[in-house]
Amino acid sequence: MQPSQPRILTGALVGLMLIAALQAVSFLGAQLAGLPFIPFDVFDWLARTLPGGIVTKGIEGLVIILTALGLSVKDTAKLAEGVIAVLIVTGIGVGAGALFVAILNRQAHATKDDTPGLILGAALAVPFLLISFAVSAAGSAGPLLRGLWIVMLWLAYGVASSRAYLNLAQAGHRIASTAENAEEALSVQLLDRRRFLIRMGGATAAITVVGAGLGGALAGGGSGRGTGLRSSDLPNADDSFLPAPGTRPEYPPIADHYRIDINLAPPVVDEATWRLPIAGMVDRPLELTLDDLRNNYEPVHQFITLMCISNQVGGDLIGTTRWTGVRLQTLLDEAGAQPGATNLVVTSRDGFHETVSLDLIRRDERIMLAYAWDNQPLPVKHGFPLRIYIPDRYGMKQPKWITGMEVTDRDAPGYWVVRGWDEQALIRMTSIIDTVTAVNDGGERVVAVGGIAFAGARGISRVEVQVDDGEWQAARLRMPLSDLTWAVWRYDWPFEAGNHTFTVRAFDGTGERQIVSLAPPHPSGATGLHSVIKRL
Ligand SMILES: Nc1nc2c(c(=O)[nH]1)N[C@H]1C(S)=C(S)[C@@H](COP(=O)(O)O)O[C@H]1N2
Ligand SMILES: [Mo]
């Protein structure tokens, strides 16, 4: 190696500094102007493009790791994915920095201008542009602005890389030519390089901290929303049943609702230009605005529990709120499906899709298109402006951010069905212990055990608790919010000091007992009983 040539490792370091700054600026742009955040686009693209088996293993692994760390899956999964996304792009930036130095070191006549940097920037910009446009869901910025922004960021990365290279090379060269002997030259030159790298590190660190900090502050700002239902509005408000202390709220705030979808940043749909088309094999194609849906149809309110098929036994990917919208039957009748049509293909802004049979829609008037949760417009991350509800199915069958509906005679498998998950995705019964607490019941010490049970649209008829190897004992059930929600239960056990195992099982409305054998979420939903060990 000639003394005047920067080392490849130095190139990697420069790459690290620049990619950190690039991501911070991209993050700030996302928060300020709805521009794409490059790592999220890359992650979302990978999640859509990699084979379903690999993605499923990845999700399973993540859920298992988060659970093992004692973290709430619903609160940390997106954060963990975001960290992975940033690490992936960081790796690309570091690799590109190293490769850049390696290539320039081989050029006999290195150019002194920005040309190599512009070439590097353009070479990076092209794939990232393609990726961003392939996922193109998040962010409110228009395509032209998105494109320009991505090109600009990578060109800046490239030009900064080549300026850094020139500085590093000259730092070596200048001193090498004035020093008395080679050894001395080398040490002085390294010192000079180090000074340059420290200066560059300071500058990039400042950009990174300011970009990420400002972006983070902007991201935190929650929008002022309308008011949700009060507990006195709930249909079972006069049930005197008292849940065990520590049981989750029967009707939680929607801020606590889990979120699962294929996007790191949720798609932002502009209400002004959004239309719901009902097209294809229909006599009268429809194109409805959100106001049409809100004002021209009788609103349907349903209390609904939604659960993700990736939920582990006892997991937190389950939530309840009141959904408001329009019966899908009504819209389908209005459009008039033609003879021979069999299915409705529902497509989403993020490329997600699912197929619902017309027979099912005609049979089940509870199937709805929902535009409100808890009396407020759907939050962006929960599918604004419109999502579908199909009773008794896991969430994977129920698209959010709906942008298209086509009546057809084809049967196209849904997004997750294509990727190896259950075609029907019928909800498997689950019961969860939320709490085991010693309480005073009129002077007597008892152990209050409580939680929820859920069996899709089949309802819960009975919940039983077993302590250690004892008999199964019937728990008391609170009247549920509806036939479509979880049921809150409670079992009071006479206090007995020591270490005890509490296990719960449920029976659905048809009298069927919860499946005992253990199965992982893939491909049809987890089964097995939930247990809690508690020292009393
Ligand atoms: N467009 C779209 N809809 C979607 C998904 C998605 O990735 N994209 N994920 C589905 C899955 S797997 C689940 S569990 C539910 C979760 O809804 P929530 O995030 O509002 O709780 O949304 C469903 N609808
Ligand atoms: Mo899901």
Side-chain angles (χ1 to χ4, degrees), residues 56-77 80 243-244 246-248 250 252 256-260 305-320 392-397 416 420-422 424-436 449-470 472-473 475 477 480 485-491 500-508 512-534:
T56 296
K57 283 272 173 294
I59 296 172
E60 259 171 28
L62 186 65
V63 171
I64 288 169
I65 290 170
L66 294 176
T67 309
L69 291 173
L71 296 168
S72 144
V73 175
K74 87 178 158 68
D75 295 339
T76 52
T247 307
R248 78 190 63 198
E250 178 180 39
D256 290 353
H257 200 286
Y258 82 91
R259 170 190 161 211
I260 290 285
T305 295
L306 184 68
M307 178 157 66
C308 180
I309 197 165
S310 292
N311 201 29
Q312 305 272 356
V313 171
D316 62 7
L317 301 180
I318 181 169
T320 298
D392 227 19
R393 313 281 165 154
Y394 282 112
M396 61 166 263
K397 300 291 285 182
W416 283 117
W421 291 79
D422 194 300
Q424 296 304 319
L426 284 165
I427 285 178
R428 290 176 144 181
M429 193 179 344
T430 191
S431 52
I432 304 176
I433 299 173
D434 286 342
T435 177
V436 177
V449 187
I452 53 110
F454 180 54
R458 280 110 61 209
I460 293 291
S461 60
R462 184 178 175 86
V463 169
E464 295 177 347
V465 173
Q466 183 188 44
V467 186
D468 302 322
D469 293 323
W472 286 96
Q473 302 286 339
L477 288 175
T485 64
W486 57 34
V488 173
W489 56 266
R490 169 179 183 154
Y491 170 64
H500 299 288
T501 304
F502 298 82
T503 307
V504 63
R505 70 180 184 190
F507 297 75
D508 72 13
E512 189 150 314
R513 198 180 70 196
Q514 187 179 340
I515 300 172
V516 174
S517 61
L518 280 173
H522 186 265
S524 304
T527 59
L529 301 186
H530 187 224
S531 289
V532 166
I533 299 170
K534 178 94 179 187

Validation: residues 57-69 side-chain donor-acceptor distances under 3.5 Å, sequence neighbours left out:
| from | atom 1 | to | atom 2 | distance (Å) |
| --- | --- | --- | --- | --- |
| Thr67 | OG1 | Val63 | O | 2.5 |

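From Ser461, atom OG reaches atom CZ of Arg513 across 12.5 Å, with rounding to the nearest 0.5 Å. For the atom pair OG1 of Thr503 and CD1 of Ile533, the computed distance is 8.5 Å after rounding to the nearest 0.5 Å. Atom OG1 of Thr527 and atom CG of Leu518 lie 6.5 Å apart (nearest 0.5 Å). The structure places CD1 of Ile452 at 6.5 Å from OG1 of Thr430, a figure rounded to the nearest 0.5 Å. Distance check, rounded to the nearest 0.5 Å: CZ of Phe502 to CG of Asp468 gives 7.0 Å. Atom OG of Ser524 sits about 6.0 Å away from atom CD1 of Ile309, to the nearest 0.5 Å.
Put simply, the side chain of Met396 does not reach to within 4.5 Å of the side chain of Cys308, judged on heavy atoms. At a threshold of 4.5 Å between non-hydrogen side-chain atoms, the residues Val436 and His500 do not count as touching. Arg428 is not listed as a side-chain neighbour of Asp422, based on a closest heavy-atom distance of 4.5 Å or more. Inter-residue side-chain proximity for Val449 and Arg490 is flagged as unmet; no heavy-atom pair is nearer than 4.5 Å. Residues Thr56 and Trp421 meet the side-chain proximity criterion, which asks for heavy atoms closer than 4.5 Å. Within the 4.5 Å cutoff, the side chain of Trp489 has heavy atoms near those of the Ile433 side chain. Taking 4.5 Å as the limit, every side-chain heavy atom of Pro480 sits out of range of all side-chain heavy atoms of Phe454. Counting heavy atoms from C-beta outward, Ser431 and Gln514 have side chains that approach closer than 4.5 Å.
Across every non-hydrogen atom of Val488 and Pro243, the tightest pair is CG1-CB, 4.0 Å. Shown here for Leu477 and Ala487, the closest heavy-atom pair between the two residues is CD2-CB, 4.4 Å. Met429 and Ala455 get closest at one heavy-atom pair: CG-CB, 3.6 Å. Nearest heavy atom pair, residue Thr76 against residue Ser72, reads OG1-O, 2.6 Å.
One finds no salt bridge joining Asp316 and Lys74 here, because no Lys/Arg side-chain nitrogen approaches an Asp/Glu carboxylate oxygen to under 4.0 Å.
Heavy atoms from other residues, nucleotides or ligands lying under 6.0 Å from CG of Leu71 number more than 12.
Of the possible donor and acceptor atoms, one in the side chain of His522 sits under 3.5 Å from a partner among the backbone N and O of Gly420.
Not a single side-chain hydrogen bond (donor to acceptor under 3.5 Å, both in side chains) links Thr501 to another residue, sequence neighbours left out.
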What do the steps show when you test Ile432 against Arg248 for side-chain contact (heavy atoms from CB on, under 4.5 Å), and what is the final call? CA-CA 10 Å; Ile432 304 176; Arg248 78 190 63 198; 3.7 Å; yes
Check the pair Trp486, Glu250 against side-chain contact (heavy atoms from CB on, under 4.5 Å), reporting the backbone distance first and the verdict last. CA-CA 8 Å; Trp486 57 34; Glu250 178 180 39; 4.2 Å; yes
Thr305 vs Thr320, side chain to side chain donor-acceptor pair (under 3.5 Å): CA-CA, chis, key distance, verdict: CA-CA 4 Å; Thr305 295; Thr320 298; 2.7 Å; yes
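Here salt bridge (charged side-chain N to carboxylate O under 4.0 Å, His left out) pairs that include residues 450-462, with residues two or more places apart or in two chains, are Asp392-Arg458, Arg458-Asp508, Arg462-Glu464.
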